[in-house]
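A note on names: the letters A, B, ... follow the listed sequences, proteins ahead of strands, and every chain is numbered from 1. Only this structure's heavy atoms are used, side chains among them; waters, hydrogens and symmetry mates stay out.
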Amino acid sequence: MKKTLLAALCFLSYSQSPLHATDRVGVAPSSSVRDLAVEKSAVLSQFVENLVLPQYRALQSSSETLAAEISIYVQQRNQASLDRARAAWRASRTPWEQSEAFLFGPVDSLGYDPALDSWPLDLGAFASALPEFAAQEQLDMFEVDPALKGFHAMEYLLFGLNNDKELESFTESEYRYLQSLATHQVEIAALLLSSWTEGSEGSPAFAETFKTAGAPENEAYPSQTAAFQELLEGMAGIADELALTKLGEPLESRDPNLVESRFSHNSLADFLSNLQGIRMVYMGGTGPEPEAASIAALVTADDSALHQKILAALNQTQVDLEKIPQPFVAAIGYDEGRNLVAMAKQSASTLFASLDQDLRAYLAR
Amino acid sequence: MRIPTLILTMIGSLSFGVAVGSPTISSRNSAPRARAGGDTTVDNRSSRAFTLPAANLDTEELDRHIVGDRLFETNFVSAPADLNPGLGPLFNNASCLGCHSKNGRGMPVVGARGTLRSQMLVRLSLEDEQVPDFETLLRGPAPVPGFGLQIQDSGVYGQLPEAKVQLSWQEESTVLGDGTAVSLRRPVFVVLGGPSDAGSQKLAYSLRQTPPIFGLGLLEAVADREILSWEDPDDADQNGISGRAQRVWDERTQTVRLGRFGWKASAPDLITQTAAAFAEDMGLSNSYFPEADGQAELSLKELGDTAFYMQSLGVPAAINSSGPEVQRGEVLFQEMLCASCHRPQLETDPLTPIRALQKQTFYAYTDLLLHDMGEGLADNRRDYLASGREWRTPPLWGLGLTHTVLPRSGFLHDGRARSIEEAILWHDGEARTSQVAYRNLSKNQRQDLLSFLKSL
């Protein structure tokens, strides 16, 4: 859910802007317009090469580590190996949650998101499904319902309902299914990466599609404006979701079922990763200063006050998220915790507004 | 179908290389049509373009839109469950969004393939050889015992799907007037485990892909009398295009109503369409389609809020409407009679109950009428008054965003067309004139027309 009143109010006219003028395919641009087009092209390349691809590679490698640690745990079945498997799950969660700031392209269109991160789980079916899955010689994980697999299925099996699962309570079926889940995540992460680097399902490499926005043959992104809107929607979308859905809904309802990653108590780490993902897209990388080819650099050159406003909103949201006591699922249940969650929600809303209103207006002018 | 002399003359004038569609560009004003959804229009060409709320919602409307949005995105699971229970036991997908990915056209995939989940379904019904009387037609297709009117190809854990659908494609090619070859494909599907015997009746199937869902509130707000005024069932104006309104019996109101939603316009309004989708596509009972004991898994409010979400989505603005290529294409669109069915401009009834939709002039490119589209596109399945060859004119707004929203989504009711050009070439029946005209355009003229369509 990524729509708010602010989104509805910010559709500004951009038909006369130099940014918009670069979209005219086949129109000979003036030299200043051409510079801007080149600059924007560099931002898109930077985004793909230095952010998306490393992020999806990190997802793949952390998924491989997770699968390896789960294998070791299944063999050793002791607390130390369980702790390592749990730590590997948390580590793998980080690049994924960061990538939610650019949840567009194949991750969405080819179903990788639900295969990795479906919610809620069909917990009612778990008990009966696991023994049957374990009995199958070759379980085809692609055939398994998304509500029974992905990060949260592994989370449920590794951590229990409330981060309290005992070593002794793991069943043979669970051991076996954990391995299937982890192996499948490696497969999906590899497919996701290759959909950007090589293409899949008959579509060309999405990295190329996105980098060449505005080229005459580019049907998905016939203008650079469309690609920049995509970046904006990605950042604003997850900021809005963080404020309204991830923080707001549990706060409003006090319902632990609405808390993301509640089984592992990883919720706050998830939220901070979302925030870091927004920062990375805006800054063009992971460093504290804007990359030369980044949205932040464009903004700084034209409107340093806006850049400072966005940075301040990012920083304030981080500060307020870090103030919420662990675990988040408990914090929504008592006054002091709820006050801090409400503050973080307000900060995330302010961040959303600065992206959805101010940055949108900048990109459109 | 008769093709009157006037039209034949026009087709001749559109033969390859002949200069047509040379408008006085400065005299054309396309600015209004750029605001495709009137005041609901949003300026966005990203993959999220179909998911934004109408630009003119007030706070109360926006709050309700957000509530509906959550329901639209909700993943349901089997009951009992603490969160989102009620899926199935038989279903096609676990959420509205599962089929309506980012609210755009679906991808022509059935069942589960890799990480993809079906965004298509198969309707079925029983038919007599003879066309039934009017009263019988008004009550809709006859369900197949044990299967109903739709194949549910998924089941919750422990529940076998009703049947499985296998889809393959048959390639064929066609040659345009200037010798350019174009590949077309038609779907070939098999229902495995479906009904095997229909007795004295015929089993009729229809493969359906999800259409875009934005702007539907505006279409719902067009007055019945307006749509009826465009009917020309006997082709009185002799342009080769008839067009007639769908009519359906509405159990809820116990009245005959104008049908306007769905590929054959078989739903009279969005709440009925939404209720049917919850019940048939997801197995969620609701107040329109309750359980046998009258209970419902979704409340009337939830149903209404979900429908409101669709009613209150924004329509993406058209782009480049003043570009010469686009303007030349727009003229061709008119001259080739495309606009006879894909009616550009429509208006909402000023008395429509949703404030944001009142008094809107918008550019959807549909007449909401049924047209005979020929044998090639026929599903040979009757659906209320629609024959097996008739389809409701689909809106064209947002056409240029189709592959931004979902790169491999298909056009037409079964997703067979991989491009706008392929979709045009499948037009036949009442639209044969336009198809033939397209075949005889020069390459540049074809490019102009496609540029216009992609600007929408």
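Looking at T209(A), there are no atoms closer than 4.5 Å to chain B (heavy atoms on both sides), in backbone or side chain. Of the two parts of L231(A), neither the backbone nor the side chain holds a non-hydrogen atom closer than 4.5 Å to a non-hydrogen atom of chain B. Interface residue A129(A): backbone and side-chain heavy atoms are both found under 4.5 Å from chain B.
Remark: the H65(B) side chain and the S312(B) side chain contain an N/O donor-acceptor pair separated by less than 3.5 Å. Q360(B) and T40(B) are not linked by any side-chain donor-acceptor pair at a separation below 3.5 angstrom, with hydrogens and angles left out of the test.
By number of non-hydrogen pairs under 4.5 angstrom with chain B, the leading residue of A147(A), S128(A), G124(A), A115(A) is S128(A). Between chain A and the residues L401(B), T404(B), L97(B), the most heavy-atom pairs under 4.5 angstrom are made by T404(B). Heavy-atom pairs under 4.5 Å with chain B peak, among L191(A), L121(A), D122(A), V144(A), at D122(A).
Residues of residues 76-84 of chain B lying under 4.5 angstrom from chain A, judged on non-hydrogen atoms, are V77(B), S78(B), D82(B), L83(B), N84(B) by number. Within residues 250-258 of chain A, the residues having any heavy atom closer than 4.5 Å to a heavy atom of chain B are N257(A), L258(A), listed by residue number.
Checked by atom type and distance alone, the side chain of Q152(B) never pairs as donor or acceptor with a backbone atom of N92(B) at under 3.5 Å. In this structure, E61(B) contributes its side chain and A356(B) its backbone to a donor-acceptor pair below 3.5 Å. A donor-acceptor contact shorter than 3.5 Å links the side chain of Q209(B) to the backbone of G106(B).
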Evaluate side-chain hydrogen bond (donor to acceptor under 3.5 Å, both in side chains) for S95(B) paired with E73(B), printing each intermediate quantity in order. CA-CA 6 Å; S95(B) 68; E73(B) 294 188 0; over 6 Å; no
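Between F142(A) and H184(A), the ring planes lie perpendicular to each other; the angle is over 60°, past the 30° to 60° tilted range.
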Donor-acceptor list for residues 106-114 of chain A side chains, cut-off 3.5 Å, not counting sequence neighbours:
| unit_1 | atom_1 | unit_2 | atom_2 | d |
| --- | --- | --- | --- | --- |
| D108(A) | OD2 | K102(B) | NZ | 2.8 |
| S109(A) | OG | G105(A) | O | 3.3 |

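By the neighbour-count criterion of 12 heavy atoms within 6.0 Å, atom CD of Q136(A) is densely surrounded, having more than that number from other residues, nucleotides or ligands.
Evaluation of the ring-ring contact (aromatic ring centres under 6.0 Å, His included) rule for F126(A) yields Y156(A) as partners, not counting sequence neighbours.
Using a 4.0 Å cut-off between charged nitrogen and carboxylate oxygen, R262(A) and E155(A) do not count as a salt-bridge pair. Using a cutoff of 4.0 Å between basic side-chain nitrogens and carboxylate oxygens, K246(A) and E100(A) are scored as salt-bridged.
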